[in-house]
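This report concerns only the one structure given below.
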Amino acid sequence: MRGEAGVTEGRPVRRRFAIVARYALLTVLAAIVLFPVYMAVVGSLLKTEQITSRPPTMLPTHPTWDSYSTAWSAGHLATYLRNSAIVAVIITCGQVVTAILAGYAFAFLEFPFRRTLFVVFIATLMVPFEVTIITNLNTIVSLHWYNTYAGLTVPFLATGFGAFLLRQAFLGIPRDLQDAAALDGYGHLRFMTRVAVPLARPAIAALAVFGFLSAWNQYLWPLLITKNDQLRTVQIGLRQLRATSIEQVNVTLAGVVLAALPLVVLLVVFQKQLVRGLTAGAVKG
Amino acid sequence: MREAGLAYALVLPSLVVFGAFIFYPFVRNFYLGFFRTPPFPGLPKKGVGLTQYREVLTSHDFLNSVKVTVLFAVYTVPTGIAAGLGLAVLAHQKLRGIGIYRTIFSSTVATSVAVASVIFGTLLNPNVGLLPWLGLQTNPSILQNPSWALLAVAITTIWQNLGLSFILMSSGLQAIPDELLEAAQIDGAGAWSRFRNVIVPLLSPTIFFAVVVGSIFAFQSFGQIELLTQGGPTKHTNVLTYFIYTTLQQQQDDGKAAVLAIALFGITLLLTLVQMRLLERRVFYAR
């Protein structure tokens, strides 16, 4: 008895130490992960001449928001963000609609070449976009879509991944429901819009968040087909901002913060959908 | 019959997009590769058969580019996954406030390639003060330094993908029943032994997936190169995608760019086949 008591007496101290050590380790790692962002935020709050000071300013004791207003208006961040929002919303809506339509056909309809067509859809996942840019650039120019929203969005309005994801979601809908709806005189279109789509909402939300994220983050394509600030998306806008404010790193950093902020908000709100979208990607094979 | 008509109407919008912007440009690459782009615009293109394929695929620039691309994948993929896994395991414990750490570890998903690259470009900027103050200055500066440039781009990439890697590994971990880990603990397995003998084997499908898909992503990386090094110094960071981009935009050489694009596809396909094999095995394993 006595020996056991001795052990339990020793334990709380050792346990507490272990817990403190864990917190310390987690905190150090968190600080490392956040360090680049922290430096960017601090840099954006400095005056231009403070940026190059040595030792570097690690704590903005007199923060100034000037660089934000410069980045926002003179740096065209407002325009870039608007363009990115328009492009990402168009692409997201397009991907969701085309995926619902195709996913529904593959899940609920019988037709010749269904398997073949499904393989075709999956095959699109194997062609990296970078491989197609040469001809796509020609196509967009000959359609007179160079430097337009159409050129920025149309190539991305459908994805094999989306169709696959929604087919899986639709296949999870019980057959009985379909039969019941048929008895009620529902045609396919009514069944799709009234029953199938509402039931597949989680998958649709995951696809939407995933599609928005990838559209917002695109870099190569907008770089290739935009030529002025009226159409540039925020990613290309950052490149532009950095080039034009080379002596004002604080303005560039304010632009970085402004460019990242919408996604931070989006991901805080849609965290669950994002994780579902990403892990759906993990088993999409 | 009406059902078939409806079905084709439903898949048509997707098929039009795929046909116009994926399959047609993909197939046309093979055709473009047969023609040499004239040195001056306006001259007719010259059909050279397979000569251009041979020239491009054996050229020093191409082989260098493949080497750089592979090296970049080797730098970024295993490290990125190990970091994500390590953080996921650490954050997978019942501690008060652990949610805050999870949010921080997954936070870099909110950064784009451009955001991450501009931040790191600033941190590595020799004039901004942090590096020289720490005494971590190289000559020439890191991003212009043949020995450091690719590594710097790799670190930027690892950081940007850390959130993704963390989320993926965390959700894999959550699928492991707690009882298994508790049982191992009762059997006297220490933390390292539990990690090595329980967590890693059970997580192996997720890890395999991350390795293969991560490599595919690595082979397609472009923005960080364009923003940080422009393929330099002296092509030390000239990854395949950047090589295609400059061939297309600066040299306006469609034929050569097409051959490079086919090579990129070939490498990606190889990786995807590996992925499918592994996933097949995984499905079998799970059942």
Side-chain angles (χ1 to χ4, degrees), chain A residues 19 22 25-26 29-30 33-34 36-37 39-40 43 51-56 98 101-102 104-105 109-112 117 121 124 126-128 130-136 139 155 157-158 163 188 216-217 219-220 235 238-239 242 249 252-253 256 259-260 263-264 267 274-275 278-279 282 285, chain B residues 3-4 6-8 10-11 13-14 17-18 20-22 24-26 28-29 32 87 90 95 101 104-105 109-115 118-120 122-123 127-130 132-133 159 162 164 167-168 171 206 209 220 222-223 227 241 244 248 254 257-258 261 264-265 268-269 272 276 279:
Chain A
I19 288 177
R22 280 179 196 178
L25 182 60
L26 284 167
L29 292 169
V33 172
L34 283 183
V37 172
M39 289 307 285
I51 281 280
T52 49
S53 69
R54 288 179 200 182
T98 55
L101 299 181
Y104 187 89
L109 299 175
E110 283 294 339
F111 54 100
L117 277 174
F121 270 60
T124 62
M126 294 188 195
V127 183
E130 291 74 11
V131 170
T132 63
I133 56 173
I134 304 155
T135 297
N136 279 343
T139 308
L157 291 183
H188 276 295
W216 183 271
N217 287 344
Y219 189 82
L220 175 59
Q235 313 300 339
L238 279 184
R239 175 185 193 265
R242 193 183 63 163
V249 177
T252 307
L253 290 175
V256 165
L263 272 204
V264 173
L267 293 181
L274 173 81
V275 171
L278 294 176
T279 47
Chain B
E3 190 165 305
L6 176 65
Y8 291 132
L10 292 180
V11 296
S14 300
V17 173
F18 296 159
F21 297 106
I22 297 178
Y24 166 64
F26 171 69
R28 191 157 169 264
N29 277 335
L32 286 174
L87 291 180
L90 280 175
L95 280 178
Y101 293 102
I104 292 173
F105 295 152
V109 268
T111 64
S112 62
V113 168
V115 165
V118 174
I119 291 178
F120 274 74
T122 310
L123 287 176
N127 302 319
V128 171
L130 185 68
W133 180 67
W159 181 78
L162 187 63
L164 195 62
I167 291 176
L168 199 60
S171 50
T206 313
F209 169 81
Q220 292 166 15
F222 171 79
L227 282 161
T241 51
I244 297 173
L248 186 65
D254 284 15
L264 176 64
F265 170 76
T268 312
L269 181 68
T272 310
M276 288 178 94
L279 280 177

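Proteins come first, then strands; the chains are lettered A, B, ... in the order of their sequence lines, and each starts at number 1.
Both the backbone and the side chain of Thr124(A) come within less than 4.5 Å of a heavy atom of chain B. Leu253(A) touches chain B through its side chain: at least one heavy atom from C-beta onward sits under 4.5 Å away, while N, CA, C and O do not. Contacts of Leu95(B) with chain A are made by both backbone and side-chain atoms, with heavy-atom separations under 4.5 Å. Looking at Ile22(B), both its backbone and its side chain come within 4.5 Å of chain A, counting heavy atoms on both sides. If you measure heavy-atom distances from Ala30(A) to chain B, the contacts under 4.5 Å come from both the backbone and the side chain. Heavy atoms closer than 4.5 Å to chain B are found in the side chain of Leu267(A), but not in its backbone. With a 4.5 Å cut-off on non-hydrogen atoms, Ile104(B) touches chain A through its backbone and its side chain both. Within the 4.5 angstrom heavy-atom criterion, atoms from both the backbone and the side chain of Ser14(B) approach chain A. Of the atoms belonging to Leu90(B), heavy atoms from both backbone and side chain fall under 4.5 Å from chain A. For Arg239(A), the parts sitting under 4.5 Å from any heavy atom of chain B are the backbone and the side chain alike. Residue contact with chain B, scored on non-hydrogen atoms closer than 4.5 Å, involves the side chain of Val249(A) exclusively. If you measure heavy-atom distances from Val115(B) to chain A, the contacts under 4.5 Å come from both the backbone and the side chain. When heavy atoms are compared at a cutoff of 4.5 Å, Val17(B) approaches chain A solely by way of its side chain, counted from C-beta outward. Heavy atoms of Leu227(B) lying under 4.5 Å from chain A belong to its backbone as well as its side chain. For a residue to count as touching a neighbouring chain, one of its non-hydrogen atoms must lie under 4.5 Å from one of that chain's; by this rule Ala258(B) touches chain A with backbone and side chain alike.
Ile167(B) contributes atom CD1, which lies 12.0 Å from atom CG of Leu87(B) (distance to the nearest 0.5 angstrom). Atom CD of Gln235(A) is separated from atom CG of Leu220(A) by 13.0 Å, given to the nearest 0.5 angstrom. Taking CH2 of Trp216(A) as the reference point, atom CG of Leu263(A) lies at 6.0 Å (rounded to 0.5 Å).
The two atoms that bring Ala105(A) and Ala7(B) nearest to each other are CB-O, 4.0 Å, heavy atoms only. Scanning all heavy atoms of the two residues, the minimum distance from Ile134(A) to Asn29(B) falls at CD1-OD1, 3.6 Å.
The side-chain heavy atoms of Leu238(A) and Val256(A), taken from C-beta on, include a pair separated by under 4.5 Å. The closest side-chain heavy-atom distance from Gln220(B) to Thr268(B) is below 4.5 Å. For the pair Met39(A) and Ile119(B), the minimum side-chain heavy-atom distance is 4.5 Å or more. Put simply, the side chain of Val33(A) reaches to within 4.5 Å of the side chain of Phe105(B), judged on heavy atoms. Under the 4.5 Å side-chain criterion, counting only non-hydrogen atoms from C-beta, Pro25(B) is not in contact with Thr139(A).
Looking only at heavy-atom pairs under 4.5 Å with chain A, the residue among Phe120(B), Trp159(B), Phe265(B), Tyr24(B) that has the most is Trp159(B). For the options Ala260(A), Pro128(A), Ala163(A), heavy-atom pairs under 4.5 Å to chain B are most numerous at Pro128(A). The candidate from Phe26(B), Phe18(B), Tyr8(B) with the greatest count of non-hydrogen atom pairs under 4.5 Å with chain A is Phe18(B). The choice from Thr135(A), Leu25(A), Ile133(A), Leu157(A) that makes the most heavy-atom pairs within less than 4.5 Å of chain B is Thr135(A). Per-residue counts of heavy-atom pairs under 4.5 Å with chain B were compared for Val131(A), Thr98(A), Asn217(A); the largest is that of Val131(A). Comparing Val37(A), Val127(A), Thr132(A), Leu26(A) by heavy-atom pairs within less than 4.5 Å of chain B, the highest count is held by Leu26(A). Looking only at heavy-atom pairs under 4.5 Å with chain B, the residue among Ile19(A), Leu29(A), Thr252(A) that has the most is Leu29(A).
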Intermediate values then yes/no, side chain to side chain contact (heavy atoms under 4.5 Å, CB included), Leu248(B) and Asp254(B): CA-CA 6 Å; Leu248(B) 186 65; Asp254(B) 284 15; 3.6 Å; yes
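Glu130(A) and Thr241(B) form no side-chain donor-acceptor contact under 3.5 Å, judged by distance and modelled atom types alone.
Between Tyr219(A) and Phe222(B), the ring-plane angle classifies as tilted under the 30° and 60° cut-offs.
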